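Quick caveat, the model's predicted, so the values are computed rather than measured. Whatever order the structure lists ligands and atoms in, that order sets their numbers, starting from 1. Note that the numbering runs from 1 along the sequence shown for the chain.
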Amino acid sequence: MVFRKGIILLVFFALISCEQFEYSRSEFALGTVCTIALYEQGRSGIYNSIFKRIFEIEQLMSVNIPDSDISRINAAAGINQVQVDNDTFYVIQRALYFAEKSGGAFDPTVGPLVSLWNIGADVKRIPSEDEINNVLPLVNFRYVELDLQTNSVYLTKIGMALDLGAIAKGYAADEAAKILRQTKIKSAKIDLGGDVYMYGKKRDKSPWRIGLQNPVGDRGSIIGVLRTGECTIVTSGVYERYFEIDENRYHHIFSPFNGYPVNNGLLSVTIVSDNSMDSDALSTSVFVLGYEKGLALVKTIPGAEAVFIFDDKSLKITSGLDFILTDNSYQTAATKE
Ligand code: FAD
Ligand code: MG
């Protein structure tokens, strides 16, 4: 009996030692490079589970996958309702909640505008006013009908299209953190291309340090460092996707009110909170609303903090954040709100 137990234990440890150790792993998903770092506790099985979940969410919510829930909803716009997975239904519900809360600044029916502008494609072209005016009436979250009994979604006008690009990455980060909570992982960084989740505590118990991207600098150049405990840090900015014509920048965050890339003096908005999906929706909402209305919205969300970076190289930071400015060209205008 003791002998058999010994063999079982041996096999168990052999299996564990077969599992590869990885400090971090990156994969291309959700249209961006996703990097998970489990540091010293990194085991291939946990990375596999997390990426499996991320790819599941992409498969359900991508507009670029023809049989995703979102593509099926869009294809049936004005025709019939479409039954979707619980995950998709939940994210759409949350997107509509933020659409309401932001007075329509955040709008998941922005799909027709995203397609029209096609920011990030090889061809850069400013649509005509007629083209914009043609699609604007299709951008209205109030035309989305949800059937709670059957998990079905109906876009009531032909030509409407959902786009969850401003919220679904946040959901994926929360789901990754949920998987980590079922493990013994003590500290991890989940980075889904601008949506960052700092999980647990650093080994030496010192605060996490997260660099804030300089919105006009090279990728990776930072203007300062946030020091935090476990939290999620999500940024919406003019630098993620854009094209330039005659020195004017046309980026990927649109005003649902006029159909153009938002142009209100903000270069980026970073939200820090304990929920990545809400932060993702909030960062886009606040970016569209602009500083004053955006700050008012942030203040209605318990525990949410924000960093606003403006095109005159000033920045404003809400009082709950510990932020160290490292780029002197921004220093003089740094303010605490
Ligand atoms: P955020 O500010 O969080 O979101 C901006 C994005 O939201 C815009 O790109 C637009 O899609 C949408 N948006 C614009 N204005 C508004 C508004 N007023 N209200 C609400 N939403 C708005 N990219 C690819 O190139 N190829 C892919 O195959 C691909 N697949 C993806 C699949 C999924 C499930 C997700 C979530 C994203 C995918 N992406 C893909 C990336 C996506 O297109 C966006 O670039 C990305 O989500 C933008 O995130 P962000 O954090 O930079 O900006
Ligand atoms: Mg967002």
Side-chain angles (χ1 to χ4, degrees), residues 28-34 53-66 68-71 85 87-88 91-92 94-122 135-136 139-141 144 161-175 191-196 213 215 219 232-242 250-264 266-271 273 275-290 294 306:
F28 195 80
L30 309 170
T32 188
V33 178
C34 299
R53 185 74 181 116
I54 291 173
F55 284 118
E56 251 168 38
I57 292 167
E58 177 171 35
Q59 173 62 44
L60 291 171
M61 300 181 206
S62 172
V63 288
N64 299 310
I65 298 177
S68 73
D69 280 351
I70 297 302
S71 296
D85 190 275
D87 287 319
T88 316
V91 175
I92 292 173
R94 210 62 196 152
L96 294 175
Y97 169 81
F98 275 98
E100 192 74 56
K101 210 166 165 58
S102 66
F106 179 92
D107 195 322
T109 67
V110 78
L113 273 177
V114 174
S115 304
L116 178 64
W117 281 88
N118 209 6
I119 307 272
D122 291 342
V135 300
L136 261 187
V139 179
N140 192 335
F141 69 96
V144 182
L162 287 178
D163 182 314
L164 299 181
I167 186 167
K169 273 197 307 187
Y171 180 65
D174 287 333
E175 287 298 293
D191 183 350
L192 309 185
D195 288 29
V196 179
Q213 170 70 37
R219 197 163 282 264
T232 157
I233 302 120
V234 179
T235 301
S236 288
V238 298
Y239 54 89
E240 270 303 330
R241 279 168 190 232
Y242 63 89
Y250 299 90
H251 61 82
H252 68 143
I253 304 173
F254 302 107
S255 160
F257 309 117
N258 66 19
Y260 283 85
V262 171
N263 183 6
N264 58 13
L266 278 169
L267 292 179
S268 73
V269 173
T270 299
I271 302 290
S273 83
N275 182 297
S276 188
M277 175 169 60
D278 289 1
S279 291
D280 198 356
L282 198 55
S283 70
T284 313
S285 308
V286 171
F287 190 94
V288 178
L289 285 170

Looking only at distances, can you tell me whether any N or O atom of [X], backbone or side chain, sits closer than 3.5 Å to an N or O atom of ligand 1?
X      : result
Ala105 : yes
Gly165 : yes
His252 : yes

Exercise for the section: Working to the nearest 0.5 Å, report the span between CD1 of Ile70 and CG of Leu164. Expected result: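 Between atom CD1 of Ile70 and atom CG of Leu164 there are 4.0 Å.
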Under 4.0 Å to a heavy atom of [X] - the qualifying atoms of ligand 1, by number:
X      : value
Ser62  : 30 (N), 32 (C), 34 (C)
Pro256 : 18 (N)
Ser236 : 1 (P), 2 (O), 3 (O)
Val288 : 18 (N)
Ala168 : 36 (C)
Val114 : 10 (C), 11 (O)

Exercise for the section: Answer with side chain, backbone, both or neither: which part of Ile253 has a heavy atom less than 4.0 angstrom from an atom of ligand 1? Expected result: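 Within the 4.0 Å criterion, Ile253 contacts ligand 1 through backbone and side-chain atoms alike.
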Quick one: nearest non-hydrogen protein atom to [atom], plus distance?
atom                    : answer
atom 3 (O) of ligand 1  : Asp280 OD1, 2.9 Å
atom 11 (O) of ligand 1 : Asp163 OD1, 3.1 Å
atom 30 (N) of ligand 1 : Asn64 ND2, 3.6 Å
atom 15 (N) of ligand 1 : Phe254 N, 3.0 Å
atom 1 (P) of ligand 1  : Thr284 OG1, 3.4 Å

Handout entry: Under 3.5 Å: donor-acceptor pair, side chain of Trp117, backbone of Gly259
Key =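 Yes: the side chain of Trp117 pairs with the backbone of Gly259.
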Minimum non-hydrogen distance to [atom], winning option of [options]:
atom                    : options                      : value
atom 31 (C) of ligand 1 : Leu30, Asp195, Leu113        : Leu30
atom 24 (C) of ligand 1 : Glu58, Met61, Lys169, Arg241 : Arg241
atom 7 (O) of ligand 1  : Ser115, Ala166, Gly111       : Ala166

Please find out if the Mg ion (ligand 2) and some N, O or S atom of [X] are separated by less than 2.8 Å.
X      : value
Thr284 : yes
Leu282 : no
Asp195 : no

Problem - Degrees at the Mg ion (ligand 2) between the O atom of Ala166 and the O atom of Asp280, nearest 10° - result: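 Rounded to 10°, it measures 80°.
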